[in-house]
Participant: 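Structure incoming, see below.
As a basis for the values below, the full set of heavy atoms in this structure was taken, side chains included, without hydrogen atoms, waters or symmetry mates. Bear in mind the structure is a predicted one, so any value in this text is a computation, not a measurement.
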Amino acid sequence: MSTKSRINIVILVIIAIVITLPSMLLVTYKVTNCKFLKRAVVAKLSGVFVKQEFPVFSLDYFQIGEFQKSFEKWFEQNFGGREVLIRLNNQVYYQLFKKSYQYSGNIIIGKENQLFEKGYIDDYVNINSMMPKEEQNDLIGKMSKVSNLFKRHDIQFILMITPSKAYTYPEYIPDCYRKLKKGTTTYDEIIQLIKAEKLVVLDYQKMALDCKKNSSLPVFPRGGTHWSYLTACYATIDLIDLIEKITMVKLPKIKIERVILNKKPSRKIDTDLVLLMNLFVKPLDYVVPIPEIKMYNTNSKPSMKLSIVGGSFTSQLLEYLKKYPMFASVERYYYYILEYKKVPSSGKPIKTFNPRDEQWWKDHILKSNVVVLEINQCNFYGNHVKCFLEDALMYL
């Protein structure tokens, strides 16, 4: 048999294996009920997908080629073994090349398999342009005006700066990115302006660096982009202490009794980037610290209303504020306009609401005792920041 014939046979065998493997794995799972195979062949892919419906056929639709395009999009989501083949492909790139093309290529695999979102790295090494000085001064000016206007309504206004994993753990950023690092970040400059203006601020980026310096426990989980539940608990405690100080109102409080080290993360937010990689075998062999919490000073009945405007880093704070009622009510505006949630409440988050309305402000925000504006360390440009400040200047 010639060398060319042998090569052709090998290629045909590989093609046959690739085509039949998903079905073989599925049958094996059905027979053995293996939990490992269940995760691989049954679990749906993580991420946001727009479901493609099977196109309705018409001759005109077919002649202009639109039916074929729609069918192709539907087939991409529905061919046999799709999830398995995608996971296997992703696994090869991860294991051999330390690459992931999921999440639009925005997952960066750093040293010691630390996962980062590319946007945070871009900000840290200044791939993104820094906010010009004039815009920084304008932003701080608006924040100062809004703070003073809230005070006229007897409402305390707090800025909350949440941390970036890249800024906190730059030593794990791949060298090809670290070589691009030049100068300071927007955060480095703007936090000084905030302090100079004497605005009330919780600088959780500094807190994250202090936690890293003073403890061996991870501030961020290896496979996630958000702070750990332990770090979020420290942040919640600091928030309560600050509110009690500036309002002179005694509040129920929480304290950490002990920290449990989970050897395998089980909460979704501790594994958000791992899940988005859609791997066949997920690298979940890392420790996450989980605080055991006790509530005290419970003789102080919750009396105040807290409103929080911010992004995904506020989710863990909201979990703590829901589980441990330190306020009469808490309203969270997710990126200001995307989702409204109130606790205590058993209802689902509301997505059809309009906070950019004067009546809404009168009925909700202006009935708060404390308003918190959360801004991530690398997101001072955030649309929720701009829109909220604009509306505050208009309705206060």
Side-chain angles (χ1 to χ4, degrees), residues 146-147 149-151 153-160 162 200 202 204 226-227 229 232-233 235-244 246-247 249-254 267-269 272 293 295 297-298 300-376 379 382-392 394-396:
V146 167
S147 178
L149 289 170
F150 269 123
K151 286 178 182 176
H153 292 271
D154 199 25
I155 299 171
Q156 297 294 331
F157 179 60
I158 299 173
L159 292 173
M160 178 188 290
T162 48
V200 180
L202 284 164
Y204 287 147
H226 295 94
W227 48 13
Y229 273 92
C233 186
T236 305
I237 292 171
D238 285 351
L239 174 63
I240 302 306
D241 287 344
L242 177 61
I243 290 175
E244 188 176 82
I246 63 177
T247 62
V249 175
K250 205 72 174 173
L251 295 172
K253 291 187 177 182
I254 57 173
R267 301 188 186 189
K268 189 174 181 181
I269 205 163
D272 48 13
I293 298 168
M295 198 169 182
N297 198 24
T298 52
S300 302
K301 185 178 179 181
S303 60
M304 293 199 295
K305 176 182 175 181
L306 171 67
S307 289
I308 303 175
V309 178
S312 53
F313 275 81
T314 64
S315 296
Q316 289 146 294
L317 298 182
L318 198 67
E319 284 186 47
Y320 286 127
L321 294 174
K322 180 179 181 180
K323 188 173 182 179
Y324 305 98
M326 291 168 275
F327 296 90
S329 69
V330 180
E331 296 182 358
R332 199 274 294 267
Y333 297 83
Y334 189 60
Y335 289 105
Y336 187 37
I337 60 173
L338 297 185
E339 181 182 280
Y340 166 78
K341 186 171 184 176
K342 181 177 180 179
V343 296
S345 172
S346 58
K348 293 182 178 181
I350 299 171
K351 296 187 179 182
T352 54
F353 73 109
N354 180 23
R356 306 205 68 183
D357 175 77
E358 185 174 10
Q359 192 59 48
W360 182 279
W361 272 68
K362 289 179 179 178
D363 294 340
H364 294 270
I365 295 174
L366 290 179
K367 290 185 178 179
S368 307
N369 299 103
V370 181
V371 174
V372 173
L373 175 61
E374 182 270 335
I375 309 171
N376 189 262
N379 197 29
N383 191 55
H384 76 282
V385 178
K386 175 186 174 183
C387 292
F388 176 79
L389 293 176
E390 285 178 355
D391 289 352
M394 187 182 306
Y395 300 135
L396 287 174

Participant: Could you check if a side-chain atom of Gln316 sits within less than 4.5 angstrom of a side-chain atom of Thr236, using non-hydrogen atoms only?
Facilitator: no
Participant: Is Leu396 close to Phe150 at the side-chain level, that is, under 4.5 Å between some pair of heavy atoms?
Facilitator: yes
Participant: At what distance, to the nearest 0.5 angstrom, does NZ of Lys322 lie from CZ of Arg332?
Facilitator: 11.5 Å
Participant: Counting only heavy atoms from other residues, nucleotides and ligands, does the tally under 6.0 Å from CG of Asp154 exceed 12?
Facilitator: no
Participant: If I take atom NZ from residue Lys386 and atom OH from residue Tyr336, how far apart are they, to the nearest 0.5 angstrom?
Facilitator: 13.0 Å
Participant: What are the two closest non-hydrogen atoms of Ile254 and Cys233, and how far apart are they?
Facilitator: CD1-SG, 4.3 Å
Participant: Start with the C-alpha distance between Val200 and Val372, add both sets of side-chain angles, then the distance that settles side-chain contact (heavy atoms from CB on, under 4.5 Å), and finish with yes or no.
Facilitator: CA-CA 10 Å; Val200 180; Val372 173; over 6 Å; no
Participant: Under the side-chain contact (heavy atoms from CB on, under 4.5 Å) criterion, do Phe157 and Lys151 qualify, and how do the steps go?
Facilitator: CA-CA 8 Å; Phe157 179 60; Lys151 286 178 182 176; over 6 Å; no
Participant: Apply side-chain contact (heavy atoms from CB on, under 4.5 Å) to Leu366 and Ile155, showing your working.
Facilitator: CA-CA 8 Å; Leu366 290 179; Ile155 299 171; 4.1 Å; yes
Participant: Taking all non-hydrogen atoms of both residues into account, name the closest pair between Leu149 and Ala392 and its distance.
Facilitator: CD1-O, 4.4 Å
Participant: Counting distance only, does the side-chain N/O of Trp361 pair as donor-acceptor with the main-chain N or O of Pro355 below 3.5 Å?
Facilitator: yes
Participant: When you look at Tyr395 and Lys362, which way does the side-chain contact (heavy atoms from CB on, under 4.5 Å) test go after all the steps?
Facilitator: CA-CA 8 Å; Tyr395 300 135; Lys362 289 179 179 178; over 6 Å; no
Participant: Using side-chain heavy atoms (C-beta onward) and a distance below 4.5 Å, is Met295 in contact with Pro325?
Facilitator: yes
Participant: Is Asp357 reaching over with its side chain to a backbone N or O of Trp360, donor-acceptor style, under 3.5 angstrom?
Facilitator: yes
Participant: If you compare all heavy atoms of Pro349 against all heavy atoms of Lys341, which two are closest, and at what distance to 0.1 Å?
Facilitator: CG-CD, 4.0 Å
Participant: Got a second to check how far Ile350's CD1 is from Lys348's NZ, nearest 0.5 Å?
Facilitator: 12.5 Å
Participant: If you look at every heavy atom in Ala232 and Leu317, which pair is closest and at what distance?
Facilitator: O-CD2, 3.5 Å
Participant: Within a strict 4.5 Å, meaning less than it, do heavy atoms of the Ser307 and His364 side chains meet?
Facilitator: no
Participant: Keeping Tyr320 on the side-chain end and Tyr229 on the backbone end, is there a donor-acceptor pair under 3.5 Å?
Facilitator: yes
Participant: Do Val371 and Phe388 have side-chain heavy atoms sitting under 4.5 Å apart?
Facilitator: yes
Participant: Using side-chain heavy atoms (C-beta onward) and a distance below 4.5 Å, is Lys305 in contact with Ser368?
Facilitator: yes
Participant: Does a side-chain heavy-atom distance below 4.5 Å link Ile243 with Gln156?
Facilitator: no
Participant: Quick one: side-chain hydrogen bond (donor to acceptor under 3.5 Å, both in side chains) partners of Glu339, sequence neighbours excluded?
Facilitator: none
Participant: Nearest 0.5 Å please: distance from the CG atom of Leu242 over to the CG atom of Leu202.
Facilitator: 5.0 Å
Participant: Roughly how far, to the nearest 0.5 Å, is the CD1 atom of Ile158 from the CD1 atom of Ile246?
Facilitator: 4.0 Å
Participant: For residues Leu321 and Met326, report the shortest heavy-atom separation together with the two atoms involved.
Facilitator: CD2-CE, 3.8 Å
Participant: Examine the side chains of Glu374 and Thr162 and answer whether a donor and an acceptor come within less than 3.5 Å of each other.
Facilitator: yes
Participant: Once ring-ring contact (aromatic ring centres under 6.0 Å, His included) is applied, do any residues pair with Tyr204, and if so which ones, sequence neighbours excluded?
Facilitator: Trp227
Participant: Mind checking whether Asp241 and Leu239 have side chains closer than 4.5 Å, heavy atoms only?
Facilitator: no
Participant: Quick one: closest heavy-atom pair of Thr314 and Ile308, and the distance?
Facilitator: CG2-CG2, 3.9 Å
Participant: What distance separates His384 NE2 from Leu389 CG, expressed to the nearest 0.5 Å?
Facilitator: 9.0 Å
